[in-house]
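Below: the structure, in structure tokens.
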Number of protein chains: 2
Amino acid sequence: MTAVRRERILEQLRADGGRVTTARRALVTALLDADEHVTADDLAATVQAAHPDVHRSTIYRTLDALERLGVVEHVHLGHGRAIYHLSDEAHHHLVCETCGFVVEVPEQLFDDLATQVRSQYDFAIHPRHFAIIGRCGGCAAAPATASG
Amino acid sequence: MTAVRRERILEQLRADGGRVTTARRALVTALLDADEHVTADDLAATVQAAHPDVHRSTIYRTLDALERLGVVEHVHLGHGRAIYHLSDEAHHHLVCETCGFVVEVPEQLFDDLATQVRSQYDFAIHPRHFAIIGRCGGCAAAPATASG
DNA sequence: TTAGCTGCAAAAGGTTTGCAAATTA
DNA sequence: TAATTTGCAAACCTTTTGCAGCTAA
């Protein structure tokens, strides 16, 4: 079934006038196989395990192409680092500022907030693009250190 | 009145065992005079207008010291860029992904969300540290471009 | 006097870009 | 064939760091 999704994505690239190359095939495969929260670096490592010549810049350019097609999204978790995932796995990220643990929460949790913001501020939030920082239960007693 | 606030902040530095220097005085003044949403670069420019020798690294180190004292906070707006503001002006930031316009909203808007997240996920959100991305009313019709 | 700051230069970390060669459709 | 991608190297941007000299308390 992953194979079908993979072909569908590659076909989207072609339909957009793009080419399907070894590097792109490998990246799409890596995205489909990935756990959540993969960085560009993680993806590069996965791709390079099978295709050592694929350069990081190709990873970034392909991710950019896929993002323009709406296939993937990236989210900033802290500092400069971003994570990438398929758009259909959309959710929000809560990141513990102490231990870095990432909690995924459903989008609907933001529905009320989104409604209020839309009516009061004429602003349509799309809050997936940044993580929400806070403290997980386990760290609630410990002092904060890393945040970004 | 700004002068009083300035002295109070400088005194906090002293109380912490720190020194009050020309660079630090100038930076605190710049923070107090600043509009919202100043970057480290903006602050450096303001400080350097009066004190050309003050180096960017000093700006960062002083901002860091002030942040450890709880006097300022920084928020990530996109890409690597962060903005700084005084802690007592705490609020959330909605950033339009199309035009970059920043809307400030009160913290209380997040109260319900925070309550839900705490009870359902045992996670205490502190959502000021990242901006919320979306689309402002004016750009609602236009296609998205810049996001970060 | 001495702990704490400073400017400088250099590096780090993640991402982007110019280019000529290679490849896809 | 013509347009698109690629690898490489170098650049970019913001932030951090090591260090020796300077300075506030």
Side-chain angles (χ1 to χ4, degrees), chain A residues 10-28 37-45 47-48 50-69 72 74-84 129-131 145-148, chain B residues 7 10-28 37-45 47-48 50-69 72-84 129-131 145-148:
Chain A
L10 296 174
E11 200 46 54
Q12 281 188 258
L13 281 168
R14 283 204 192 84
D16 188 53
R19 307 285 155 85
V20 172
T21 65
T22 302
R24 288 177 163 204
R25 254 186 277 266
L27 177 59
V28 171
H37 317 131
V38 280
T39 62
D41 214 59
D42 295 333
L43 290 167
V47 168
Q48 288 168 352
H51 305 276
D53 292 343
V54 174
H55 198 269
R56 253 184 197 62
S57 62
T58 299
I59 300 292
Y60 281 109
R61 284 190 275 223
T62 302
L63 284 170
D64 192 56
L66 292 172
E67 198 148 16
R68 272 183 275 115
L69 288 176
V72 309
H74 74 275
V75 179
H76 298 278
L77 285 199
H79 290 123
R81 219 167 244 111
I83 58 166
Y84 292 80
H129 199 66
F130 284 97
T145 300
S147 57
Chain B
E7 290 314 310
L10 295 175
E11 201 46 54
Q12 281 188 257
L13 282 169
R14 282 202 194 84
D16 189 53
R19 307 285 156 84
V20 172
T21 65
T22 302
R24 290 179 160 201
R25 255 186 277 266
L27 177 59
V28 171
H37 317 133
V38 280
T39 62
D41 212 60
D42 295 333
L43 290 166
V47 168
Q48 288 168 352
H51 305 276
D53 291 343
V54 175
H55 198 269
R56 254 184 195 61
S57 61
T58 299
I59 301 292
Y60 282 109
R61 283 189 275 224
T62 302
L63 284 170
D64 192 55
L66 292 172
E67 197 147 17
R68 271 184 274 115
L69 288 176
V72 308
E73 299 185 358
H74 75 277
V75 179
H76 297 278
L77 285 199
H79 290 121
R81 220 168 243 110
I83 58 167
Y84 292 80
H129 199 65
F130 283 96
T145 300
S147 58

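Just so it is clear, the values below take in all heavy atoms, side chains as well, and ignore hydrogens, waters and symmetry mates. Since the model is a prediction, treat every value here as computed from it, not as a measurement. Residue numbering restarts at 1 for every chain, and letters A, B, ... go by the order of the sequence lines.
We find that CG of A/D41 is positioned 14 Å from C1' of C/dA12, with the value rounded to whole Å. Atoms CD1 (B/I59) and P (D/dT17) sit 17 Å apart, rounded to a whole Å. In this structure, the CD atom of B/Q12 is 18 Å from the P atom of C/dG4, given to the nearest Å. As rounded to whole Å, 15 Å separates atom C1' of D/dT5 from atom CG of A/L63. Straight-line distance from the CG atom of B/L27 to the P atom of C/dC5: 13 Å, rounded to whole Å. Atom CG of B/L10 and atom P of D/dA25 are 10 Å apart (whole Å). Atom CG of B/L66 is separated from atom C1' of C/dG4 by 15 Å (rounded to the nearest Å). Between the CG atom of B/L13 and the P atom of D/dA25 there is a distance of 10 Å, rounded to whole Å.
When each of B/D64 and A/P52 is assigned the nucleotide of DNA chain D with its nearest heavy atom, A/P52 is the one assigned upstream, toward the 5' end.
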Let me have a per-nucleotide readout for nucleotides 17-25 of chain C, 5' to 3', with B, S or -, counting only protein heavy atoms under 4.0 Å. BBB----BS
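Here the CG atom belonging to B/L69 is positioned 4.5 Å from the CG atom belonging to B/D16, to the nearest 0.5 angstrom. For the atom pair A/R61 CZ and A/L27 CG, the distance stands at 13.0 Å (nearest 0.5 Å). For the atom pair CG (B/L13) and CG (B/L66), the distance works out to 5.5 Å, reported to the nearest 0.5 Å.
Counting only distance, with no hydrogens or angles, the side chain of A/R24 and the backbone of A/R19 share a donor-acceptor pair below 3.5 Å. Without hydrogens or angle criteria, A/Q48 side chain to A/H55 main chain gives no donor-acceptor distance under 3.5 Å.
An OP1 or OP2 oxygen of C/dT15 is reached within less than 4.0 angstrom by no side-chain nitrogen or oxygen of A/R56.
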For side-chain contact (heavy atoms from CB on, under 4.5 Å), just list the numbers for B/L63 and B/H74, CA-CA rounded to whole Å, side-chain angles, deciding distance to a tenth of an Å, and then say yes or no. CA-CA 9 Å; B/L63 284 170; B/H74 75 277; over 6 Å; no
